[in-house]
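For ligands, and for the atoms within them, numbers begin at 1 and follow the listed sequence. Computed from a prediction, not measured in an experiment: that's the story for all the values here.
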Amino acid sequence: MKGANAGMNGLMYIGGEWREAISGQRREVRNPATGETVGSVPVCGREDVAAAIDAAHAAFRPWADLTAQERSEPLRRAFEILVERKDEIARIMTLEQGKPLAEAKAEVLFAAEFLRWYSEEAKRVYGETIPASAPHKRILVIRQPVGVVGAITPWNFPVSMLTRKIAPALAAGCTVVLKPADYTPLSAVALFRVLEDAGFPPGVVNLVTGKGSVVGAEFLENPKLGKITFTGSTEVGKQLIEGSAKYVKRISMELGGHAPFIVFEDADLEQTVDACIASKFRNAGQTCICANRIYVQDTIMDRFAAMLAGKVKALKVGNGMEPGVDIGPLIDWEALEKVEQQVQDALSKGAKLEAGGRRYVREGLNGAFYEPTVLSHVDESMDICSVETFGPVAPLIAFRTEEEVIAKANATEYGLASYVFTRDLGRAFRVSERLEYGIVGVNDPLPSVAQAPFGGWKESGLGREGGRHGLEAFLEIKYISLGLNG
Ligand code: NAP
C-alpha cells in the first residue's frame, strides 16, 4: 500500500510499504490542548518489529555498498521536501504535542538541518594509515557502518530527535527501524512520508508505532539489530543499558538533564532575562536542556527576580494553534501533577512565589495547562533542585562566589547542558572549563545546532549526536594489517 497513510490516520512503514500491525490493533492519538482525538496509529507487536528489522537487514548490504555520494543524494532530497512541507508537519506536531505553532515550525526547520548536514558529511567518513612496525607491513584503519540501527525517540521534539538519529545513521551506511513516542507518532508518520518521497530504497528506513517496552524488548533480543540509539528519560535509558549487556549491543543514550543557568552580576541583565525565558519556557519547559536551576549572584537577585517575573507574567498561555501563544499545555495530567508537587514542596520549604503557581484554566481548553511560574528563595532542600522539572517553572537560587556556584552547579547526577551569563571573558572560560556538562552555553540559551556534538556527561547519556561526532556513533572501526610479502 504505497502512500496510504494520508490524513491523520497513520500506518507503519516497513520494507517500503505502509502497513497495519499484524494484530490489526490501533490506538488513538490525542490533542493535549483540547483532549480531542486527532488521529490514530497501529499498535505493533514484537512480530511487526521483527519484520521491520528483517526488512532493514535485507536492505543493509546494498545500502552500505553504495558510494557515499549516492547515499547523500536522498538525504539532500529529504531536506528539501521537509522544508517544503514545514507548515503541514508543524501543524500535525502542534495538534499532537501542544507546542506553539511557531515553535513547531522552528523545530521542523531544525530537524531538516540534520538531513542537510549529514547529506554533506556522508562524504567524509575518512580512514587512516598508521606507520607500521615492520618494513613489509602496512596498517590501515577504515570505518564501516554498525549495521541495522534501532532508534527510540521522545515526545518533546517529535521530528528533530528523529532526524538527529536517522540522518547520521543513513549517512554512515546503516539502515534504521525507528519507534517514535506513543504521544507523537503522527509527526513521525509525516516525516516518513518525506523519506519515502525522497527515494530511499525499500527497507532502508522503517517506522513502527507501539509501546516502548515491546519495541525495546525486540531491539535488545534480535541478533540482526546491531545498535540501539535512544533519547528519553534516564530511567528507561538505564533499563536499555542493562538489557544491552546480554549481546554487547552498541548503544547511544541521550537522557535527562538538570541544567544550571548561572547569572553573574556583570551580565547584561536585560539580555539575560530574555535568554532565561527562551531557555526555560520553550516547549512549556519540557526540554532536556532547559534551565532547571537558575543561580543568580546575590547582589542582583532582587532586580533579576523582578525583571523575570514581570516578563513571565506577560507570556500568553493557550492552545498552540492560537496566534501569539507562548506556552502550550503539558503533555498530560501526570506531568502537571509532578509540576504542582514540585511547586508545593518548594513553597512549603520557604520558596517565594514571584509569578504564576497555579493551573491555567480557560473555557474550551481541556488540557493540562500550568501558568508560567517564577520561584525565588529556592534552596537545595527542595525537590525542584534535584528532580528534573519538565514544566514552566523557573526556580531562582542565590549564590555569592564563583567557586560556590560551580560546586552547586556540579552537585547533580546529570550532566547535559549548562549556561553561564557574564561579560567577563576570563570568568566565562574558567567556569565553562569547570562545569561537568557536555554542553555549555556562554551567553547563549539555545546551543543546539546540527554541526555540533550534543550529549551528556554522567547520567545524562553516552555518546554524542550532531556534528562529525554524531556520525561516529554509527561506525565501527576496522584495523587491517597488510603484509606486503604474501
Ligand atoms: P521516556 O518515557 O523515557 O520515553 C522515551 C521513549 O522511550 C518513548 O518512545 C517511549 O515509548 C520509549 N520507552 C518507554 N519505555 C521503554 C522501554 N522499556 N524500552 C524501550 N523504550 C521505551 O521519555 P519521555 O517522557 O518521552 O521524554 C522525556 C525525557 O527525555 C526527559 O527525561 C528528557 O530530558 C529526555 N530527553 C533527552 C534528550 C537528550 O537529547 N538528551 C532530548 C529530549 C528528551 P512510549 O512512548 O511508548 O512509552
Closest protein heavy atom (residue, atom, distance) for [atom]:
atom                    : answer
atom 13 (N) of ligand 1 : G212 CA, 3.6 Å
atom 35 (C) of ligand 1 : G232 O, 3.2 Å
atom 38 (C) of ligand 1 : C288 SG, 3.1 Å
atom 16 (C) of ligand 1 : V236 CG1, 3.4 Å
atom 3 (O) of ligand 1  : S233 OG, 2.6 Å
atom 45 (P) of ligand 1 : K179 NZ, 3.6 Å
atom 46 (O) of ligand 1 : D182 N, 2.8 Å
atom 34 (O) of ligand 1 : E388 OE2, 2.6 Å

Does ligand 1 have any atom that is closer than 4.0 Å to a heavy atom of [X]?
X    : result
G210 : yes
F454 : yes
F219 : no
W155 : yes
R164 : yes

Heavy-atom contacts under 4.0 Å between [X] and ligand 1: side chain, backbone, both, or neither?
X    : value
T231 : both
E465 : neither
K211 : backbone

N or O pair under 3.5 Å between [X] and ligand 1:
X    : answer
Y183 : no
T153 : yes
T287 : no
L255 : yes

What I want to find out is whether [X] reaches [Y] closely enough, with some N-O distance under 4.0 Å, to be called a salt bridge.
X    : Y    : answer
K165 : E254 : no
R468 : E121 : no
D326 : R282 : no
E340 : R358 : no
D48  : R19  : no
R91  : E88  : no

Pair E107-K105, salt bridge (Lys or Arg N to Asp or Glu O under 4.0 Å): steps then yes or no: CA-CA 5 Å; E107 186 190 332; K105 276 185 202 169; over 6 Å; no

So among F421, Y437, F304, which one has a ring-ring contact (aromatic ring centres under 6.0 Å, His included) with F261?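 Testing F261 for a ring-ring contact (aromatic ring centres under 6.0 Å, His included) against F421, Y437, F304 leaves exactly one candidate, F421.
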
Among S187, P158, P32, P329, whose side-chain contact (heavy atoms from CB on, under 4.5 Å) with Q97 holds?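 With Q97 as partner, S187, P158, P32, P329 yield a single side-chain contact (heavy atoms from CB on, under 4.5 Å), made by P158.
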
Donor-acceptor contact below 3.5 Å, side chain [X] vs main chain [Y]:
X    : Y    : answer
R27  : D182 : yes
E221 : E218 : no
T234 : G256 : yes

Looking at non-hydrogen atoms alone, which of F390, F230, F157 comes nearest to atom 31 (C) of ligand 1?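 Nearest option to atom 31 (C) of ligand 1, by heavy atoms: F390.
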
Counting only non-hydrogen atoms of the protein, does one fall under 4.0 Å from atom 11 (O) of ligand 1? yes

Whether W18 and Y13 hold their rings parallel, tilted or perpendicular, with breakpoints at 30° and 60°: tilted

Under 30°, 30 to 60°, or over 60°: which ring-plane class applies to Y118 and F114, parallel, tilted or perpendicular? parallel

Enumerated ligand 1 atoms positioned under 4.0 Å from heavy atoms of [X]:
X    : result
M161 : 42 (C)
N156 : 43 (C), 44 (C)
P154 : 26 (O), 27 (O), 43 (C), 44 (C)
L416 : 41 (N)
Q239 : 18 (N)
I152 : 6 (C), 7 (O), 9 (O), 12 (C), 20 (C), 21 (N)

So, W117 versus F79, ring centres under 6.0 angstrom or not? no

Salt bridge (Lys or Arg N to Asp or Glu O under 4.0 Å) between E196 and R193, intermediate numbers included: CA-CA 5 Å; E196 180 189 33; R193 289 177 64 205; 5.8 Å; no

